[in-house]
2 protein chains.
Amino acid sequence: MTMKVAEPTVERLVQYCRLLEQLHDEGRRVVSSQEIGDMLGLKASQVRKDLSYFGEIGKRGVGYHVDRLFEHIRSILSPPHHWKIALVGAGRLGEALLGYKAFKSDKFNIEAVFDVDPDKTGTTVAGIPCYHPDSLPQVLKEKNIEVLILTIPASAAQAVVDLAAKAGTLKGVLTFAPTTLVAPEGVLIYGVDISVELEKLLFYLKHGEL
Amino acid sequence: MTMKVAEPTVERLVQYCRLLEQLHDEGRRVVSSQEIGDMLGLKASQVRKDLSYFGEIGKRGVGYHVDRLFEHIRSILSPPHHWKIALVGAGRLGEALLGYKAFKSDKFNIEAVFDVDPDKTGTTVAGIPCYHPDSLPQVLKEKNIEVLILTIPASAAQAVVDLAAKAGTLKGVLTFAPTTLVAPEGVLIYGVDISVELEKLLFYLKHGEL
DNA sequence: TAATGTGAAAAGCTTCACAGCT
DNA sequence: AGCTGTGAAGCTTTTCACATTA
């Protein structure tokens with residue numbers, strides 16, 4: 001099933017998913033759009049519109065069945081595809097991500113790590129084999145890796161993306177480098193800049209309003 | 001000056017600021033909206049609209065004076081206020097942030113670190129004094145800290161926010177914990193969830209389109 | 001009755017097109 | 001001539017209001 005879903009909607013779907021998991025653990029059986037909205041800071045009508053994009057899943061007069069809704073959203077978010085991911089940059093941020101609980105998932109797996117540090121290449125980092133970035137094209141092709149996570153300085157980011165694209169297997173990049181990257185043909189680049197987020201918070205603190 | 005600025009606009013303003021800093025270092029004197037747009041992947045008209053919110057700052061027929069524009073945006077983003085920040089959770093992610101170049105700024109300073117690890121409390125982490133989270137209210141009040149960065153597990157996040165709010169000085173929180181937090185009265189909470197960002201990327205990779 | 005699903009209205013954001021400076 | 005500033009058009013996302021159904 002291919003369906004056009006707006007960016008803000010995807011973000012909320014992920015949040016619903018996480019919330020439903022929590023509710024399940026608490027033994028909750030049903031939940032209403034109003035309750036979901038209150039817990040997530042959204043309007044009930046927004047919640048209903050999001051959930052109804054994919055067919056009628058709730059029961060009128062009752063609400064949504066927690067487990068059923070969870071499985072439903074999960075199947076929309078994670079298609080039957082297992083992603084192979086490589087992480088470039090085994091510094092503190094890279095290692096933090098490797099150890100991050102929420103990063104263990106059955107949707108994807110981190111298959112390789114790359115770092116310039118000669119103490120790390122040739123060994124394993126957090127149980128994952130570590131290579132020198134020079135061998136990006138070979139290793140990506142060999143392991144058929146489609147996604148890259150970049151936790152390297154801004155100055156090295158573009159070169160790594162261009163080199164990795166040579167493997168021909170690369171489909172997407174999640175970068176934490178505080179710089180704008182030019183995407184090679186056929187590669188989707190998604191950036192998270194932590195210092196930008198902090199600046200945004202400070203801006204809103206000063207100027208009031210959310 | 002208080003002005004309502006939309007969220008996407010703030011994000012772009014931060015990007016302009018960073019780009020202009022770069023251009024300044026390269027010795028560039030003037031730049032056009034078209035060039036800025038090309039470098040940041042935005043339409044020229046978008047750039048002009050963003051920049052004109054705060055008065056006429058460009059020169060018609062010429063473009064924008066790099067240094068002047070930089071100072072202008074800077075003054076919008078960071079009012080004459082120096083923020084005092086505390087970081088809670090001196091794990092790998094926390095230490096990564098403390099060592100992060102882009103986190104050194106004259107707009108704010110990290111004044112205290114909190115962690116439950118008895119090996120860390122009472123000493124300094126990356127040169128910053130480390131306390132036990134139990135003393136959050138006292139330390140925040142003493143140092144007049146207004147912003148908290150949370151790099152702790154989801155399970156502890158809400159309790160830390162509630163405790164910190166008791167100091168009465170807290171205005172904002174930037175959290176990396178993958179959970180939804182309830183904001184105490186008068187506190188603005190801004191969350192960055194790394195695993196959500198990865199899920200969003202994977203979703204778009206599967207469903208095509210940006 | 002209580003809560004969903006949904007067309008239509010409202011709000012928000014981006015792009016266009018061109019007038020207006022330099 | 002060249003490039004900004006900006007009202008208006010166009011598109012996207014949110015909210016409303018209510019018919020619908022368990």
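When each of C:dT6, D:dT4, C:dT4 is scored by its nearest atom to the side-chain atoms of A:Tyr64, the top-ranked nucleotide is C:dT4. The side chain of B:Lys49 has D:dG7 as its nearest neighbour among C:dC16, D:dG7, D:dT14. Of the candidates C:dT6, C:dT22, D:dA19, the closest approach to any side-chain atom of B:Arg60 belongs to C:dT22.
Remark on DNA chain C: of its neighbouring residues A:Gly61 and A:Ile57, the 5'-side contact belongs to A:Gly61, judged by nearest-heavy-atom nucleotide. When each of A:Gln46 and B:Val31 is assigned the nucleotide of DNA chain D bearing its nearest heavy atom, the one mapping closer to the 5' terminus is B:Val31.
Here the side chains of A:Leu150 and A:Val161 are in contact, with some heavy-atom distance below 4.5 Å. The closest side-chain heavy-atom distance from B:Phe54 to B:Ile73 is not below 4.5 Å.
Atoms CZ (B:Arg12) and C1' (C:dG12) sit 12 Å apart, rounded to a whole Å. To the nearest angstrom, P of C:dA3 lies 18 Å from CZ of A:Arg29. The interatomic distance linking B:Glu7 (CD) with C:dG12 (C1') rounds to 13 Å, in whole Å. Taking atom CG of residue A:Asp50 and atom P of nucleotide D:dT12, one finds them 17 Å apart after rounding to whole Å. Taking atom NZ of residue B:Lys43 and atom C1' of nucleotide D:dC11, one finds them 12 Å apart after rounding to whole Å. Residue A:Gln34 contributes atom CD, which lies 13 Å from atom C1' of D:dT15 at whole-angstrom precision.
A salt bridge is defined here as a Lys NZ or Arg NE, NH1 or NH2 lying under 4.0 Å from an Asp or Glu carboxylate O, and A:Lys200 with A:Glu197 meets this definition. Salt-bridge check for A:Glu199 with B:Arg18: failed, with every basic side-chain N at 4.0 Å or more from each acidic carboxylate O.
Under the 3.5 Å distance criterion, the side-chain polar atoms of B:Ser32 are left unmatched by any main-chain donor or acceptor of B:Gly63.
One cannot find a donor-acceptor pair under 3.5 Å joining the base of C:dT4 and the side-chain atoms of A:Arg48. For A:Lys59 and C:dG5, a side-chain-to-base donor-acceptor distance below 3.5 Å is absent, hydrogens and geometry of angles not being considered.
At a threshold of 4.0 angstrom between heavy atoms, the contacts of B:Thr9 with the nucleic acid are absent. When heavy atoms are screened at a 4.0 angstrom cut-off, B:Ser32 is found touching the sugar-phosphate backbone but no base atom. The residue B:Ser45 sits close to a base: some heavy atom pair falls under 4.0 Å.
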